[in-house]
Protein chains: 2
Amino acid sequence: MSSLVEVARAAGVSVSTASRVLTGSSHPISAKTRAKVIAVAEELGYSPSALARALVSRSSRLIGVLVSDIVNPYFSVIARGVDDVTSRAGYVTMLSNVDRRTTTEINRLQTMRDYRAAGVIFAGSGHVDDPHAPELAKAVRQAQDQGLQIMSLTMRDIGCPVVTADSQAAAYAVTDHLISLGHRRIAFIEGPSGMIASRQRRDGFLACMSDADLAESARCHPGGFDYEAGHTAAMRLIAHPPLPDAILAANDEAAVGALHALRQARIDVPGQISVAGMDDLRVAQFVGLTTVSLPLYEMGAMAARRIIDASSGTDSTALTVLSHRLIPRETTGPRQG
Amino acid sequence: MSSLVEVARAAGVSVSTASRVLTGSSHPISAKTRAKVIAVAEELGYSPSALARALVSRSSRLIGVLVSDIVNPYFSVIARGVDDVTSRAGYVTMLSNVDRRTTTEINRLQTMRDYRAAGVIFAGSGHVDDPHAPELAKAVRQAQDQGLQIMSLTMRDIGCPVVTADSQAAAYAVTDHLISLGHRRIAFIEGPSGMIASRQRRDGFLACMSDADLAESARCHPGGFDYEAGHTAAMRLIAHPPLPDAILAANDEAAVGALHALRQARIDVPGQISVAGMDDLRVAQFVGLTTVSLPLYEMGAMAARRIIDASSGTDSTALTVLSHRLIPRETTGPRQG
DNA sequence: TTGTACGCGTTATCAC
DNA sequence: GTGATAACGCGTACAA
C-alpha cells in the first residue's frame, strides 16, 4: 500500500535517502535517519515494488523453468534444484508446464520475457526433427538479445548454454553392468518415440551392445516414460518367449512397470531375468531397482546459479556435463544357468 | 529490446495509438495504421513489458504457490492444477518450496507481495500451536490490504478463504472401509508430529473407530509422510506381535513403506493383513494400494481460478470443501478366520 | 550527509 | 481517429 515516497514523507526525509536506507546502499547515512526510516517503513508495512525496481534496472529477479510436467518426478527434482538456488539468492522461480509442446515452450518463453526474467531454463528434451525448432531458436535469440540468460538441461539446438548429464553414457553404463553380469540377450524398452532423450538413451544402449559384440542380441521395443508403457512392453515380451536375459527400460518408471508385469506373471527378478532403469528417482529406491543416477537436482541448481552469476558479469560455459553414477540394487543379478 | 515508444516512432504514430493497437483496445483505429503498427512490432520483436503494465495497473498477472516440497507428489499435483489454470488465463505461476517452515512462508509471501502478485496460494498445512502463526496472519493481512488474494488449501487460521478437502472425513472413510471388511484391531501410522494435517487424519481415524465401538482396539503409532517412516513403523509392528488386522497409514507413501516391510517379512497382504493409505497418488496405483482420493489437482486449480476471478470483481466464498473418494484396491480384503 | 530531478515502459485522461 | 501528458514506484546521477 505504502510507497517509498510515503515512507520518506512520514520519516521526514527525501525519497533518495529513504531508498538508500531501504536498499542497504553503501552510501553514507547518519545512524539517526537510518533508524527513523527503517522504523517508519516497518510501521507502514512498506513493501518495495520489485516491479518498479525491475523496470528501472531493466531486469527482474525472476527465473523461469520450463518443464514437461511437474508431476513427473524427473522434473520436480529439477525444479527443486532450481528453486533452492533462486530463493536463496532472493530470486523467485516461475514454473511452467509445457507438455512437450514446442509451441507452448515458445509461448511461455515469450511470457517470461514480458516479465523481463533474468533467465529461463529449458528442462525438457526436444523432439527429433522438430518443425518448430527454428521458431524456438528465433524466440531464444530474441530473448537473449533482450538480456535474458537462456539455459537448456538437454542437448538441443536452440542456441544457448547447456548444463546436462550424458544420458547416452549413462545408458551405456547400465547396459555394461547388465553385460558384466553375464546377460547377453537384452531387451531395451524405449522412451516415447520422437524425443531426443529417447534416442540418446537407446543409442547408449546400442553402442554398448555393439562394443560387446552383442549387437545381434540387442532388441529395442517401443515403450514410453511411464509405468503403463513399461508394463505393456513387458507383457508383450512375456507373451513371446523366450524371455530375454535382462530388460533395460528407458527410465525408472517404465522399469517399475515392467518389473510389476514380470512379478504378476510370477517370473522371478532377478532370478530369471534382470531389470534396470535410468534416473534413480525415489521410486527406484522403493522397489530396489538397479538404475543409473542422473544429476537432476544439480542440473537445475547449476543452471539457476549460472543465470544469477551471469547477471553480475561472469560469462558462462557453453556446455557443462555433470556426471552420472551406476546404482546397482536388487533387480539385477548374475545370469542363471 | 524495443519499447512501445520505439515501435510507435518506427511506425510513425504516437505511443497512445501504438498502445491501443497492441493491447487490442476497443478504441477505434484505422485499419491502415493498425496493420502498420502490428507489422513494425512484429519486425522489431516487440515484447510488451509486463512489468510496466503491472506497475501502472497496480497488480501483476503472477500467482504464487507455496508448497512444502515440490518433489513430494502431493504438492506437485497441486502445483499442476494451479499452473494449468494460471497459464491458460495468461498468468504465470511462481513456485516456492518452504519445507514446512512458517518463517519461510512469511518470507516468500513477502517476496511475492513485492512483485505485486495477483494472489498467493498456501498449499501446505500448518503446525499445531505454531508460535509463528500470528506473524503469518499479520503478513497475510498486510498482503490482503495491498490487494493480493490469499488462498489456503488447508484449514489453518491465517485469515483467508480456503479451498480444501475434508481430510478428516477422508480418513474416516478409509477406516470405515477397513471395518466393513471385518477388521477390528487397526493400527494407524501417523503423519509427522505437530502438523495440522497429521492431526486431522488421525482424528478421522479415531472418530470412525469410536463410532464403531472400536476405540479400544485402535492403535496410533508415530510415523511420518514418507516411505521410510511407514517402513520403520511397520517393522516395529512386526516385531511386536500379534499383528493388527489392518494398517492405515497417514498417506500413500508411508503405506507403501509399510507394505514393503510386510512383504519383506513374508506377511501376506491382504491375506494376513490389510493395508491402506490416503491421497491416491500415482504410487498407489502402481502397487494396487487401497486409498482415498483427495481432489488435490482440483484444489490447486480452483484456488487459482478464485484468484483470477477475484481480480475481475467476483467475491469468493470463505470455505469450499471438495469431495474425496474411496478407492478400494488389492491391498485390502476381508478379515481371515 | 541529504535532496532534486529524470527515466524505466505502460496505461489512461483529456484534448484535438 | 489520433496525439500529448500525467501517473505508477523506484534507482541514480548530479547538485548542494
Side-chain angles (χ1 to χ4, degrees), chain A residues 1-38 40-41 44-62 90 111 113-118 146-147 311, chain B residues 1-38 40-41 44-62 90 111 113-118 146-147 311:
Chain A
M1 204 57 205
S2 55
S3 68
L4 194 57
V5 270
E6 310 188 54
V7 172
R9 183 155 32 215
V13 300
S14 72
V15 253
S16 36
T17 302
S19 169
R20 293 195 261 253
V21 171
L22 267 12
T23 54
S25 146
S26 62
H27 204 95
I29 299 280
S30 82
K32 270 243 140 48
T33 46
R34 156 165 287 124
K36 177 70 178 170
V37 170
I38 291 180
V40 171
L44 265 53
Y46 169 68
S47 152
S49 169
L51 258 27
R53 217 173 251 189
L55 187 59
V56 60
S57 63
R58 311 175 79 86
S59 168
S60 69
R61 288 181 156 242
L62 294 168
T111 304
R113 178 153 87 103
D114 294 346
Y115 280 94
R116 302 300 182 260
Q146 206 173 84
S311 306
Chain B
M1 204 57 206
S2 57
S3 69
L4 193 56
V5 270
E6 311 190 54
V7 172
R9 185 157 30 216
V13 300
S14 72
V15 244
S16 351
T17 303
S19 171
R20 292 195 262 253
V21 171
L22 267 10
T23 55
S25 144
S26 62
H27 203 95
I29 299 281
S30 82
K32 268 239 143 47
T33 46
R34 155 164 287 124
K36 177 69 177 170
V37 170
I38 291 180
V40 170
L44 266 51
Y46 169 69
S47 152
S49 169
L51 258 26
R53 216 172 252 188
L55 186 60
V56 58
S57 64
R58 311 174 80 87
S59 168
S60 69
R61 289 182 155 240
L62 294 169
T111 304
R113 177 153 87 103
D114 294 346
Y115 279 95
R116 301 301 181 262
Q146 206 174 87
S311 306

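Just so we're on the same page: letters track the sequence lines, and every chain starts at 1.
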Report summary line: In B/L4, B/I38, B/V37, the residue satisfying side-chain contact (heavy atoms from CB on, under 4.5 Å) with B/Y46 is B/L4
Nearest whole angstrom, please: distance from the [atom2] of [N] to the [atom1] of [X].
X	N	atom1	atom2	answer
A/L55	D/dC8	CG	C1'	9 Å
A/Y115	C/dG9	OH	P	17 Å
B/R113	D/dG9	CZ	C1'	14 Å
A/L51	C/dT11	CG	C1'	14 Å
B/R34	D/dG3	CZ	P	14 Å
B/L4	C/dT11	CG	C1'	9 Å

Go through the structure and list residues passing side-chain contact (heavy atoms from CB on, under 4.5 Å) with [X], not counting sequence neighbours.
X	answer
A/S57	none
B/V56	none
B/A10	B/V40, B/L44

Report task. Return the set of residues passing side chain to side chain donor-acceptor pair (under 3.5 Å) with B/S59 (not counting sequence neighbours), or none when no residue passes. Result -> none
Is a donor-acceptor contact shorter than 3.5 angstrom present between the side chain of [X] and the base of [N]?
X	N	answer
B/T17	D/dG3	no
B/S19	C/dA12	no
B/R116	D/dG9	no
A/H27	C/dT2	yes

Selected nucleotide, minimal atom distance to [X] side chain, candidates [options]:
X	options	answer
A/R20	C/dG3, D/dG3, C/dG9	C/dG3
B/V56	D/dT12, D/dG3, C/dG9	C/dG9
A/P48	D/dC10, D/dT12, D/dT5	D/dC10

Check: [Y] main-chain N/O paired with [X] side-chain donor or acceptor under 3.5 Å:
X	Y	result
B/R58	B/L55	no
A/S60	A/A54	no
A/T23	A/S19	yes

So does [X] get a side-chain nitrogen or oxygen closer than 4.0 Å to the phosphate oxygens (OP1/OP2) of [N]?
X	N	value
B/S30	D/dG1	no
B/T33	D/dT2	yes
A/Y46	D/dC10	yes
B/R53	C/dT11	yes
A/R58	C/dG9	yes

Query raised in the report: When we call it a touch if two heavy atoms are under 4.0 Å apart, what does A/S57 touch: a base, just sugar-phosphate, or nothing?
Result: nothing
Requested in this report: Measure the CG-CZ distance between A/L22 and A/R34 for me, rounded to the nearest 0.5 Å.
Outcome: 10.0 Å
Report summary line: Under a 4.0 Å heavy-atom cutoff, the residues of residues 7-15 of chain B touching DNA chain C are none
Query raised in the report: Taking all non-hydrogen atoms of both residues, which atom of B/A11 and which atom of B/K36 are closest, and how far apart?
Result: O-CG, 3.9 Å
Query raised in the report: What does the inter-axis angle of the helix from C/dT1-D/dA16 to C/dC16-D/dG1 come out as, five pairs per end, nearest 10 degrees?
Result: 40°
